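Okay, structure first, notes after.
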Amino acid sequence: MPDAFTTRVLNVTTGSAEKVFDLTDDIQSFLSEAAAGRDGLLNVFVPHATAGIAILETGAGSDNDLLAALHTLLPADDRWQHRHGSPGHGRDHVLPALVPPHATLPVVGGRLELGTWQSVCLVDTNRDNPERKVRLTFLAGS
């Protein structure tokens with residue numbers, strides 16, 4: 001099947017602050033080309049040991065609430081055995097266990113099938129690495 005599997009890497013600059021970065025528009029741009037009206041699955045993967053992918057509402061405070069919850073669950077202090085980088089950086093290496101580095105989502109008619117308020121976001125608490133890669137892979141249905 002030609003073009004059944006298409007991939008692209010997004011380069012994302014998250015900066016020096018903790019960030020929830022909305023990828024939804026970039027993903028839909030990719031799907032406009034890669035899916036071309038077809039159904040299938042989209043895999044979103046961040047190949048970093050200190051970032052994750054989350055599906056959540058953005059712009060109404062949920063993105064900041066997520067960062068606040070992560071601060072509560074994973075404080076940036078000296079309790080972590082993994083100690084290189086900024087103080088508390090070890091917590092960034094635990095983040096992918098709570099916010100996984102991947103998501104697989106349905107694509108219907110070439111469009112990402114999300115709920116009304118859902119967005120696909122990169123979650124990055126690592127202030128030591130402001131440059132991230134996000135791999136998008138579309139697998140067309142048969």
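Numbers here simply count residues along the sequence, with the first being 1. The model shown is predicted, which means the values in this text are computed figures rather than measured ones.
- When all heavy atoms of Val107 and Leu41 are compared, the closest pair comes out as CG2-C, 4.3 Å.
- Across all non-hydrogen atoms, the minimal contact from Phe30 to Leu42 is CE2-CD1, 3.8 Å.
- Pairing each heavy atom of Gln28 with each of Leu112, the nearest pair is OE1-N, 3.1 Å.
- Closest approach of Val120 to Val44, counting heavy atoms only: CG1-CG2, 4.4 Å.
- Without hydrogens or angle criteria, Asp39 side chain to Gly109 main chain gives a donor-acceptor distance under 3.5 Å.
- Under the 4.5 Å side-chain contact rule for hydrophobic residues, Val123 and Leu105 do not share a cluster.
- Arg111 places no side-chain N or O within 3.5 Å of a backbone atom of Val108 that could act as its donor or acceptor partner.
- A donor-acceptor pair under 3.5 Å is formed between the side chain of Arg91 and the backbone N or O of Leu74.
- Scanning both residues, Val20 and Cys121, for their nearest heavy atoms gives CG1-CB, 3.6 Å.
- One distance of note links CG of Asp92 with OG of Ser86; it measures 8.0 Å at 0.5 Å rounding.
- Remark: Asn11 CG is packed, more than 12 non-hydrogen atoms of other residues, nucleotides or ligands lying under 6.0 Å away.
- Listed here is the closest heavy atom pair of Ala51 and Leu122: CB-CD1, 4.0 Å.
- Proximity of a side-chain donor or acceptor of His71 to a complementary backbone N or O of Ala76 within less than 3.5 Å is not detected.
- A ring-centre distance under 6.0 Å is found for His84 and His93.
- Counting heavy atoms from C-beta outward, His89 and Asp128 have side chains that approach closer than 4.5 Å.
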Throw together a table of side-chain donor-acceptor distances under 3.5 angstrom for residues 52-64, partners on residues two or more places apart or in other chains.
from  : atom 1 : to    : atom 2 : distance (Å)
Thr58 : OG1    : Asp22 : OD2    : 3.4

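- Residues Trp80 and Leu67 share a hydrophobic cluster, clusters being chains of Ile/Leu/Val/Met/Phe/Trp/Tyr side chains in contact below 4.5 Å.
- In this structure, OG on Ser29 lies 11.5 Å from CG on Leu23, to the nearest 0.5 angstrom.
- In the hydrophobic cluster analysis, where Ile, Leu, Val, Met, Phe, Trp and Tyr join through side-chain heavy atoms closer than 4.5 angstrom, Leu10 is grouped together with Phe138.
- Linking ILVMFWY residues whenever their side-chain heavy atoms come closer than 4.5 Å, directly or via other members, leaves Val12 and Val99 in distinct clusters.
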Between Thr125 and Glu18, is a side-chain hydrogen bond (donor to acceptor under 3.5 Å, both in side chains) present by the stated rule, with each step listed?
CA-CA 4 Å; Thr125 59; Glu18 297 177 356; 5.4 Å; no
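- In the hydrophobic clustering of ILVMFWY residues, with side-chain heavy atoms under 4.5 Å counting as a link, Leu139 and Leu136 come out apart.
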side-chain hydrogen bond (donor to acceptor under 3.5 Å, both in side chains) between Asn43 and Thr137, intermediate numbers included:
CA-CA 5 Å; Asn43 182 263; Thr137 304; 5.1 Å; no
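- In this structure, Pro96 and Pro101 have side chains that are in contact, with non-hydrogen atoms separated by less than 4.5 Å.
- Looking at Arg127 and Thr50, their side chains never bring a donor and an acceptor atom within 3.5 Å of each other.
- Once rounded to the nearest 0.5 Å, the distance linking NZ of Lys19 with CG of Asn126 reads 14.5 Å.
- Side-chain atoms of Arg79 do not come within 3.5 Å of backbone N or O of Pro75 as any donor-acceptor pair.
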